[in-house]
Amino acid sequence: MIEIKNISKSYREKGEVTTIFGGVSIDIKSGQKIAIIGPSGSGKSTLLSIVAGLDKPTTGSVLYDNVDIHNMPEKDLSRFRNEKVGIIFQAFELVQFFTAYENVMLPLSIRSGSQGVRNNNRSIVDSLFLSTNLSHRKNSLPATLSGGEQQRVAIARVLASGCDVIFADEPTGNLDSITGKKVLDLLLSFVDNNRKTLILITHDMNIAKQMDVIYEIKDGQLKIASEVA
Amino acid sequence: MVVYFTTTLLRRSYKYLLLTFFSIAVGAFLFGGSISISRSISNYFVAEGRTIIGGDIVLSAARPIDTEEGPLKNLDQNKVTIAKEYSVQAVFKNINSSSTVAASIRAVGDDFPLYGSVISEPAFSLVENGIYAEKSFLAKINAEVGEDVLLGDGVFRVLGVLKKEPDGVSLGVSFTPQVIMRAKDFSTSNIDLTRSRSNYKILIREDVQNYISLSSRKNIEAFAKENKIRYDDSSNGPNNFVQGLSSVKSFVGIVLAISLFLVVVNIITNLTYVLSKFRKTIAIMKTFGATNTQIQIIYSLILGIIGISAGALGSYLGVVASNSALPLIASYTQSQINGIAVWPTTLWGGVICLVVILSSALPFFRSLGDITAKQLLANIAYDTKTKKYTSFLLYIPIPIIISILLYLLSSDITLVVYSVLGLMCSFALFMTLTHFIIRFLYKIRNLFSFIVRGIIASLSWRGYETVIIVASIMTAFSGIFIVSAVEKNILINISQNISKKAPPLYLIDITRSQIEDVEKIAGETFVSYPIIRGRLLRVNEKDMTLSSDPSITREFNMTYRSALLGEEKIVSGVWHSDITKNSISIDDSFADDIGGVKIGDKIEVFIQGINVEATVTSIRSADRTSGTPFFFLVFSPDVLSKFPASYFGSVDVPPQEIAKIQSELGAKYPNIIPIETNAIFSTVSGLVDNVVLALKIIGIPSILLGLILVFVMTGQSIYERRSDVLVFRAFGLKSRSILALFILEIIALVLLAGIVAYALSHAIAYALNSFLFSFGTFTFDTMPVFIILSIIVLVSLFALVVSKPLTNSPLKNLLAEK
C-alpha cells in the first residue's frame, strides 16, 4: 500500500552537503505496524516527515496506492493529509484555544460538509470520547488537561479523521512510563481493532518490540532490525 | 553582566520593539507639538498683550462708559493715558454712483493707537474727515484712495488702504469691512449712535510702568463685572482668544489623553509579545544564576533606551512641526509668533517618555519575576489565563501619569479630572461591551463555519487581551468619529436652514420712523420685528442676576407682537392677543434653562433703566430652522411698545433685486445694515471648516496609534498561533484558508471597534442635534466608513505579509527532531 522507493535526504549548509540518509526503500502493507528506531539525530523524524508527506525527499518517491504524493498539487496534498494520514506528535500539539471536543473534531471540521455529515461527525467524536474515557473532559481547554489526557485527545483526533495510516512521532516521549504505557496500549488497541497501518518512531526498544517490523536507521542507512512473522 | 546582556538583548530584540518605539514617538510628537504651540501662543500674549488688546487695560460695553465712576476716577491722569473710542455699523455710499457698502466703523481718539501701529498704504496719518478702509470696502463701493465717499450727511476722503490694526486680533470676526476715522468727525454724518449698533471702549495705557497695581486692576475688573462691562487685561490677552485657546486646549487635552492611553496600551501589548518571545531565554538565564533583579534591570535599561530615544525624537519633530505651523497661525493674527526653543522640550520629552514606558511596563516586570526555569523547560501545561486580581494594581500609575501630562499642557485641573475620568469610564464601557459580544459569539459559535468558529474561539481564548485591544481601538476611533459626525450635521443643517428657508436679506438697526419707507423700498415681502434690549432680573422671587450662567445674565433681544408666527406652536397656556395685558410668552427650552418656568409665573426684566414685570401666559416652541428671527421672550404689545426700539427686518426677494434694495437703503438710511444670509453661511461654514480641520489633524495621531495597535496585535497573534497553524496544515487545511483565518480575524476586530465607535459617534451627534442645536435634519457621516475600510485594507495587507512565512513554514518543525 505504501511504497517508499529509494528516497534520500540531504541538505546544504554553508556550501557543504550533508546527507541524512540515502537509498531507503520499504514496502508497507496495509494494517502493518512498523517501528523506526535509531540513535538521536539519525534521521528518524526526517524519514517520518517524508513518508507522511510533511517534507519532500531529495531523491526518490513515496507512493500511496501507486500515487506519488510528492508530485501532487497542493490542493490534493491537503486532502491527502486530511483523509489518508494522521499524525500524533510527541508534544501533543493540540490547538490551545479549542476545547478537547473541538480538537478531536478538527479534521472533520476542515473537511466540512452538509448538516447530515456534521451530525454524523458529532456521533463519531462522541464515541471516541467514550472509548478514550474522556467524556468528562470534552469541554476542557488543553492547558487544563494532563499530558496523558492531551495525548489521548491527540489520538482521538487522528482516529476521528478516519485515516488509513497513522504516524506517531515518539508518542510517549513527553509522558511518564505508566501514563505512556496506558497511552500506547490505547493506541495499539485502536490500530488493531480498526486495522490501521501504524508507523511509529521511538527510541524505546520495549515499545518497538510490540510492532510487526522494526527498522533501524544507522549511519544513513535503513535496515530491518527484526520482524515478526 | 548587566551591560553585556542589555546590549545583546537589545540587538536581538529591537525589531520586536519597533512598534513600541513608533507609538511612543507618535505620542511624543503630539505632546511636544501641543506644548510648543500652546506655550508659543501664551508667550505671544504675554509679550504682546498690550498691543493685542490695545492698552494695558481695555473696557468695552454696548453703552458709553463713564470714566468719572468707580475706580477709574481714581487714576492719576499724569500717570495714565485714557483713550476713548467707539465702533458702529453704518453704510457708506459712493458719491458718484449708487454703490454702497456696510462697514464696521472705528471712531478713534487722538491718542490712537496707544500701542503698536496701524499698517496702511500709504502710511497711517488720520486727518480731518479722512478714513482708512480695508481693500474689500473699496472694492464693494467702487472707490479709490483719494476719492470721497458719503456717510450719512458727511463727506469723507479715503486716505489709504487699511492693512492691519495693531489690536486687530482682539476685534473678532466681522461680516463687514473695517474703516477707521476720527471720533470727532463721525458726528458730521448725523447718524444717531443711540439708534445704531455701537460698542464703546475705554483704553488705558500706563505712562508710568506698573502704575496700576494688581489690587487696582482687580478693583477695575470687579467694577466692570458689576456693571456688565467687558474687561480685558494685557497680562492675559483678549478674552475671546483666551476662551478660544482654552477650548482648543481642552479638545487637544482630550485627544492627548486618548493618544497617551493608546501609547500605553501599545507598550503593554508589545511587551506581552516580547515576553512570550523571550520567555525561554530568560528562563535559561535564571537557570544559570541570573537573579530577578538583574533581569529586571536589564529590561529597564532596554526600555529606558527606547523610551528616551523615541520620546526625544517625537518631541523634537513635534516642536519643529509646530514651529513650522506657527506662521499659519500668525497670518491669522497678523503678527509674529515665535516658537519655543527646541532642545529643552526635546530633552523633557525624552524624560517624560522614559517615565511613561517604565510605568507602563510594571506588569511586564512583574511577569519577568514569574518566569521560572521549571515552568518552561519541563513543558508542563499551565493555566495561562489565571491572573491574580492584584495585578491590576500595577496599572494604577497609568492614569496618574496621563493626568500629570495633561495638567502640564492645560494647567486646568477640571479638564484633567473630566478627561481622565471620561477616558477611563468610556474605556470600561467599551471593554464591557466587547467582553459580552465575544462571550455571546462564543456561545453561538457552532452555528458558523470552521474558519469563523476558529476566529471566535481564538478571540475568546485570548480573553482580556482581545478585550483591551478592541476597546482601545474603539476609543481611538470614537474621538475622531464624534468630531466628524457632529461637524457634518452642523454644516448640513446650516446649509439647509440658511439656503432653503432663510430670507436672502436681513436688515438691522431700522428705526421706527424708517419702517414705512423701508417697507416701500424693500417691497411686500418685507417683515419687521421690533427689538428692545434688556436683562432678565427675576423669575418670581428668584434673582436671575446671581446666576453663574452668562447666557442668562447677558442682555437679550426682546420683542412684542400680538400675532403668533406660522412656525410657532403653543405648548401650554394661551397665546396673548390684543386683549391680554401685561403678558409674556416664553420659549420652552429657555423656560427650562432658567429653572422651569410655569404658566402664571412672574418675570421681571430691566429695560433702559426701568424694571418691567409681566405674567407668563403661554409657553411656546418654535422651529429654529425656519430662518425667521427667534426670540426667547415675546411680550404683549402693551408692555414694550412704549419703549424706543430698533427694528430687525427680513426681505425675501430674488438675488438680482438685493443689490438695488441695498443701494437705495444705503443712500437714504446709512444706519440700516443689510446682511446677505449667504455671506453669513460662507463665513460661518468657513470658520467651522477651519476649526474642524484643525481638530481632525490633531485627532490623526490617535487613529495612527490605533493602527499601530492593530499591527502589534496582528503580529503577536500570528506569532502565538504558529504551532496551531502547523497543526491545521498537518490536518489538511489549505494555506489560503489559513491566511483567511488571520485576515478575517483582524477584519472582525477592526469592524467590531469601528461599528461601535460609529454608532456611538452618531448617537452623540443625534443627541446634540435634537436637544442642543434643535436641528431638524440628521445625516450619517461617510468619512468614518472610509477610515475603517482603509484600516481594514492596511491591516489585511500587513497580515498577509506577516503570515505568509508561517503558511510556508515546513511542517516537519512539528516533529520531535527537526
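Proteins get letters first, then strands, A, B, ... in listed order; numbering begins at 1 in each. It should be emphasised that the depicted structure is a prediction, and the values quoted were computed from it without experimental measurement.
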Flag side-chain contact, heavy atom, 4.5 Å: [X] against [Y]:
X: A/Val95; Y: B/Phe728; value: yes
X: A/Met105; Y: B/Phe450; value: no
X: A/Arg79; Y: B/Lys734; value: no

Toward chain B, the part of A/Ser146 with a non-hydrogen atom under 4.5 Å
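Neither part, no heavy atoms under 4.5 Å.
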Given that the side chain runs from C-beta out, which part of A/Leu94 has a heavy atom under 4.5 Å from chain B: side chain, backbone, both or neither?
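For A/Leu94, the backbone is the part near chain B, not the side chain.
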Residue [X] excluded, over 12 heavy atoms near [atom1] under 6.0 Å:
X: A/Lys138; atom1: NZ; result: yes
X: B/Phe448; atom1: CZ; result: yes
X: A/His70; atom1: NE2; result: yes
X: A/Lys196; atom1: NZ; result: yes
X: B/Ile444; atom1: CD1; result: yes

Measure across [X] and [Y] and return the closest heavy-atom pair with its distance rounded to 0.1 Å.
X: B/Val727; Y: A/Glu93; answer: CG2-O, 3.3 Å
X: B/Arg445; Y: A/Glu102; answer: NE-OE2, 2.6 Å
X: A/Ile87; Y: B/Phe731; answer: O-CZ, 4.0 Å

When heavy-atom pairs shorter than 4.5 Å are enumerated against chain A, which of B/Ser458, B/Ser737, B/Ser735 gives the highest number?
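The option with the most such pairs is B/Ser458.
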